[in-house]
Trainee: 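I'd like to ask you about the structure that follows.
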Amino acid sequence: MTVSADLQQRIQQLRQQLQKASYAYYVLDVPIMEDAVYDQLYRELETLETQYPETITSDSPTQRVGDTPAAQFTSVRHKIALYSLENAFNLKELEKWQERWQKLAENFDKSQYVCELKIDGSAIALTYEKGSLIRGATRGDGTTGEEITPNIRTIRSIPLKLTLDNPPPWLEVRGEAFLPLKEFERINREREKNRESLFANPRNATAGTLRQLNPQIVNQRRLQFFAYTLHLPTAHPENPPTQWQSLEYLRKIGFLVNPNRKFAKSLEQVQEYYNYWQTARQELPYLTDGIVVKLNSYELQQKLGFTQKFPRWAIALKYPAAEAPTQVKDIIVNVGRTGAVTPMAVMNPVPLAGTIVQRATLHNRDRLAELDIRVGDTVIIRKAGEIIPEVVRVLKELRPENTEVYQMPSHCPECGSKLVLPEEEAVTRCVNASCPAIVRGSIIHWASRDALDIRGLGEKIVMLLLKNNCVHSLVDLYHLQVQQIAQLERMGNKSAENLMTAINNSKKQPWSRVLYGLGIRFVGNINAQVLAKNFSSVEALSQASLAELEGVYGIGKEIAQSVYTWFKNSENLQLVEQLKAVGLQFSQQDTETKLSQTKNSNIQGKIFVLTGTLSTLKRTEAKQLIEQAGGKVTSSISQKTDYIVVGEEAGSKLEKAKTLEIQQLSEVELLRMLA
Ligand code: IVH
């Protein structure tokens, strides 16, 4: 198909408008268009690109998220090595550094410093050719890193195309990728819900995310990027002569540059900047672990050069981490709802960054082996990411005699069954579904607000019920008697009755909440709603093929696999049957019978796929109307698809539908069916 000049022009125009809007939103933080307008333009571009795939360029705004997870990353040699920074911890060390460089650069009076915040994330290197992003890589060992381009492309504050009229043949930008604190917390909350181990701090979460093999997951975790280093070909006329001008230039060509930078003419001024940010950093939405002091003049930087590891012209002045020494009294393990067994150090209580800390996580068996921590050891603890206490190091020189190497238990401390060590993860697990720790966790999750919302069934009551052998599994909740509850500590008749009512009321909760309550790995409450909407009963969901699950809009491969596997387990199926027998809602039928008059029998239960641009309805509207009439809309064609609704400039989906002989509908026909 040839693309007319008009269309080419329109495609270019759309790309420019979207790029501008994205820059205004993610970099300048000053949106220039409504989300809906952006979506509309984006859709228009997407449709054109589907129609004319030969027009797609890798710097098109539609190409941020690739969909094929990499099998592994490849190594790349950095064009220019990424150095690390020497650390100073006080003014004295900073003065020594100044003396050192001044000795090497006599007759230089350009001793102006640029102070920048030291962002606590991961350094990455970006390569642009002729203004387009062609590669993103981790720092690695400084000379060789890992190519993580698909992941880097998902970072909205990294331009895919630079705003430069005459882009140089190549250009390198370095900076820090990081997770804003809110996003870090959101990810950990989500992981907790999905029964995954938590990230210890935003830095680890950033590094882990950058090395994620699936760019879709990276895209969901909103990484950010501050640019701080620019390399241009030496002969390039726009090569800035100073660090300050480089930062300005980076900003001008489309990067997010940290605004909290400052000139300093003396170390006193550097110290002022450091002192100010030591307090003010607590108000920042991301973590900083110090400041970076750089000589402003590139001429001077060049003269000073590098040592083996560091530039002589820059230094990091770090903030003291909130650390404290204490002694290990015991090492225990905690079994979570997912069966994950986490080792913990129990220590003499010590004050740390505002709280008294007695326990610190030792994460998993790998970390445990690395630390070789023993009962009786003196350890340094720290609040990782200023949130979760962890053991940083063991002071082996203070180790008393006759300590023993700690061994992870081979059996679950709660139920005695043999623990398993899945090869692909460092987490040790108890896999006994009736382990009291797992049952306790599952009941607490089942009763939680987003799940069955059973008021009054909190952690303490659950513990009491388990301790008194009133329940051994989730289903037992529904066989409880008021008298049994009333006899528990501090439970009168009234509260027992209230709790029973709340438990019985949970039988009225909809299928989506029941599904979420089951606690299937990766199925958070939003995913549960999406699944429940697309599979109107547990039968439909449990019989769905992997492809059908993946075909649901919003359900990724990992979730699909997890759901699919969960329903292949006979114990899980038995649990479903038992819960069904006591009256929990495992389908939308009950609610639907009431609404059935409003459902349309032509559409009820049918699977639709939309393709191309519809002339009167927006896609979201069409989807909503079909769903309201009892149909389902999926994003990809399969044998199960009943109808394909074909709009203008339909793309590859239509081709596939034709080969599978799926009935086609025009927009008018769809509207007629809906009516
Ligand atoms: S300059 C040769 N500037 O700190 C120049 N680094 O401890 C080296 N970092 O690997 C980097 N914020 O990951 C520079 N404003 C900043 C920084 C910064 C954070 C990180 C970077 C580097 C590490 C060194």
Side-chain angles (χ1 to χ4, degrees), residues 78-89 93-94 97 101 113-126 136-146 148 152 155 157-158 172-180 201-211 223-231 240 242-251 255-264 270 273-274 277-278 281 284-298 300-321 385:
H78 297 298
K79 201 182 185 78
I80 301 162
L82 276 91
Y83 282 83
S84 174
L85 290 170
E86 184 183 348
N87 286 329
F89 290 92
E93 289 176 0
L94 206 61
W97 166 72
W101 78 253
Y113 298 116
V114 176
C115 301
E116 295 169 23
L117 297 182
K118 187 167 179 327
I119 314 295
D120 203 6
S122 280
I124 53 173
L126 309 172
T138 60
R139 176 175 178 274
D141 63 3
T143 48
T144 310
E146 281 177 310
I148 49 163
I152 297 284
I155 306 178
S157 38
I158 293 182
E172 288 257 336
V173 173
R174 278 82 193 276
E176 203 78 352
F178 64 96
L179 277 167
N201 55 46
R203 185 174 4 96
N204 288 358
T206 303
T209 303
L210 287 172
R211 302 191 67 257
L223 285 165
Q224 282 277 29
F225 176 78
F226 280 132
Y228 50 65
T229 302
L230 166 75
H231 291 290
T242 64
Q243 170 65 6
W244 190 271
Q245 279 159 290
S246 267
L247 294 174
E248 285 299 323
Y249 186 83
L250 283 166
R251 204 173 52 84
F255 287 94
L256 185 61
V257 176
N258 193 295
N260 307 312
R261 54 188 181 273
K262 209 171 168 62
F263 274 127
V270 171
Y273 175 85
Y274 173 83
W277 283 107
Q278 185 157 19
R281 72 192 180 120
L284 291 171
Y286 46 83
L287 289 187
T288 59
D289 57 342
I291 64 164
V292 183
V293 189
K294 301 175 184 174
L295 282 169
N296 193 26
S297 152
Y298 280 172
L300 182 48
Q301 284 192 9
Q302 201 142 31
K303 183 169 167 64
L304 291 170
F306 297 83
T307 68
Q308 280 288 318
K309 285 209 235 140
F310 311 123
R312 294 198 178 86
W313 43 263
I315 193 160
L317 184 57
K318 305 258 287 211
Y319 293 121

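Start at 1 with the first residue, then count along the sequence. The basis for the numbers below is simple: all heavy atoms, side chains too, and nothing from hydrogens, waters or symmetry mates. First listed ligand is number 1; within each ligand, the first listed atom is number 1.
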Trainee: Answer whether the closest heavy-atom distance between the side chains of Leu284 and Trp277 falls below 4.5 Å.
Mentor: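 SC-SC contact between Leu284 and Trp277 confirmed.
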Trainee: Looking at atom 4 (O) of ligand 1, what's its closest protein heavy atom, distance included?
Mentor: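 Going atom by atom, the protein heavy atom closest to atom 4 (O) of ligand 1 ends up being Lys118 NZ, 3.0 Å.
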Trainee: Contact between Thr288 and Asp120 at the side-chain level, heavy atoms closer than 4.5 Å - yes or no?
Mentor: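 Not in contact.
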Trainee: Less than 4.5 Å apart, any side-chain heavy atom of Tyr113 and any of Val292?
Mentor: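 No, side chains not in contact.
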Trainee: I need the nearest protein heavy-atom contact for atom 13 (O) of ligand 1: residue, atom name and distance, please.
Mentor: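 Heavy-atom neighbour on the protein nearest atom 13 (O) of ligand 1: Glu176 OE1, 2.6 Å.
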Trainee: Is Phe225 close to Leu223 at the side-chain level, that is, under 4.5 Å between some pair of heavy atoms?
Mentor: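 Side chain of Leu223 against side chain of Phe225, heavy atoms only: no contact under 4.5 Å found.
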Trainee: Among all protein heavy atoms in this structure, tell me which lies nearest to atom 12 (N) of ligand 1, with the distance rounded to 0.1 Å.
Mentor: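 Here the closest protein heavy atom is Ile119 N, 3.1 Å.
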Trainee: I'd like to know if Glu146 and Arg211 make a salt bridge, using a cut-off of under 4.0 Å between side-chain N and carboxylate O.
Mentor: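 Looking at Glu146 and Arg211, the cut-off is met.
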Trainee: Among all the protein's non-hydrogen atoms, which is closest to atom 15 (N) of ligand 1, and how far away is it?
Mentor: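 Closest protein heavy atom to atom 15 (N) of ligand 1: Glu116 OE1, 2.9 Å.
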Trainee: What part of Leu117, side chain from CB on, backbone N/CA/C/O, both or neither, has a heavy atom under 4.0 Å from ligand 1?
Mentor: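 The backbone, only.
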Trainee: Identify, with sequence neighbours excluded, every residue that meets ring-ring contact (aromatic ring centres under 6.0 Å, His included) alongside Tyr298.
Mentor: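 Tyr298 satisfies ring-ring contact (aromatic ring centres under 6.0 Å, His included) with no residue once adjacent residues are dropped.
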Trainee: Touching ligand 1 at all, Pro311? Heavy atoms, strictly under 4.0 Å?
Mentor: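 Yes, Pro311 has a heavy atom closer than 4.0 Å to ligand 1.
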Trainee: Does Lys294 have a non-hydrogen atom less than 4.0 Å from ligand 1?
Mentor: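 It does, in that a heavy atom of Lys294 comes within the 4.0 Å cut-off of ligand 1.
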Trainee: Nearest to atom 24 (C) of ligand 1, what protein heavy atom do you find, and at what distance?
Mentor: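 Residue, atom and distance for the closest contact: Leu85 N, 3.7 Å.
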Trainee: Should one rank Phe306, Tyr228, Trp313 by closest heavy-atom distance to atom 11 (C) of ligand 1, which comes out on top?
Mentor: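 Considering heavy atoms of Phe306, Tyr228, Trp313, the nearest to atom 11 (C) of ligand 1 sits in Tyr228.
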Trainee: Of all the non-hydrogen atoms in the protein, which one sits nearest to atom 8 (C) of ligand 1, and at what distance?
Mentor: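 That would be Tyr83 O, 3.5 Å.
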Trainee: Can you spot which of Gln243, Arg261, Glu176, Lys294 makes a side chain to side chain donor-acceptor pair (under 3.5 Å) with Tyr228?
Mentor: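 Answer to the side chain to side chain donor-acceptor pair (under 3.5 Å) test with Tyr228 among Gln243, Arg261, Glu176, Lys294: Glu176.
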